[in-house]
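One structure is given here, and the rest of the page talks about it.
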Amino acid sequence: MEFKHVSVMLQECIDGLSIQPDGIYVDGTLGGAGHGYEVCKQLSAEGRFIGIDQDDDAIQASSERLSEFGDRITIVKSNYEHIKSVLAELNIPGVDGILLDLGVSSYQLDTADRGFSYMADAPLDMRMDRSQPMTAKDIVNTYEEDKLYQVIKIYGEERFAKSIARHIVQRRQEKEIETTAELVDIIRSSMPAKAKNGKGHPAKRTFQAIRIELNRELEVLQETLTDMVSVLNDGGRLCIITFHSLEDRIVKNFFRDMEYPCTCPPNFPVCVCGKEPQGKVITRKPILPSQEELTINSRSKSAKLRIFEKRE
């Protein structure tokens, strides 16, 4: 299957990066290089683009797509959490822009055997990096009931999390849960009729939660934001597209703290904590997809773009 993915808020990201033709730019979630291709088109022969992704299929697809740009591009198989070491190995001390698109690609969702989708029967996988040993099947079959509940409740914001966790544990005592269809059936049986027949697929939140847990998505984001700001040159921009409230809250709060880092009590006449602002938030409110984009790509409906600019 061809690696297809409709890039969300493509022009908004290009504008947000404020690309300099001779600058250095990183796409930490390269995918099929939809955003990356447009970035590279803006670069001169002196510019440079580094793409990072942990999915082998994405690496292959993006390498082919960006091949016309020659040695201006470098593609690295890694998780963006290693951005500092990736740049160090390339002898790059700083970059002028970083882009993260935190959504699951259409290719990953539509390729059944990847196990991301609740719409097709497939092995319970959900790995972004298929070289890692742990899969969604391991989470579903080995996590204690309370841990399952916490994952589904917190990462999925699922109101029936307790019932779903209980039914998963009960079902796996009979036999190991191996497929997405089996898990969907358990989720449906854990909900009242009104909930499972309402708007949206009943398994959506639970699948999201298990995927986030397996791929450490929120943990990686939270732990890497400081590193990303640290490798930005003065005037460099960090553009992040999120797709659910937990991600967006992390990014929003981090950007705010970078702009207003002072921890002194409000009644102090002067700052004594010594924490200096690292830059400014460009997006006071997140940028949302246009109505035209929503019509073309319904999967963009929950996307939010936030932008931070570093200043010494």
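Nearest heavy-atom pair, M228 versus L100, reported as atom, atom and distance to 0.1 Å: CE-CD1, 3.5 Å. Annotation for C13 and L99: closest pair SG-CD1, 3.9 Å, computed over non-hydrogen atoms. The two residues E293 and M9 make their nearest non-hydrogen contact at OE2-N, 2.8 Å.
Salt bridge present: K77 and D129 bring a charged side-chain N and a carboxylate O closer than 4.0 Å. Under the 4.0 Å criterion applied to side-chain N and carboxylate O atoms, E81 and R216 are assigned as salt-bridge partners. Contact check on E259 versus K280 returns no salt bridge, with no Lys/Arg side-chain nitrogen under 4.0 Å from an Asp/Glu carboxylate oxygen. No salt bridge links R130 with D56; every basic N to acidic carboxylate O contact stays at or beyond 4.0 Å.
A heavy-atom distance below 4.5 Å is found between the side chains of E247 and E217. Side-chain atoms of Q150 and Y155, non-hydrogen and from C-beta on, never get closer than 4.5 Å to each other.
Rounding to the nearest 0.5 angstrom, the gap separating the OG atom in S62 from the CD1 atom in I73 is 7.5 Å. With rounding to the nearest 0.5 angstrom, the CD1 atom of I186 is 13.0 Å from the CZ atom of R188.
The hydrophobic cluster containing F308 does not contain L288, counting ILVMFWY residues as joined when their side-chain heavy atoms lie under 4.5 angstrom apart, directly or transitively.
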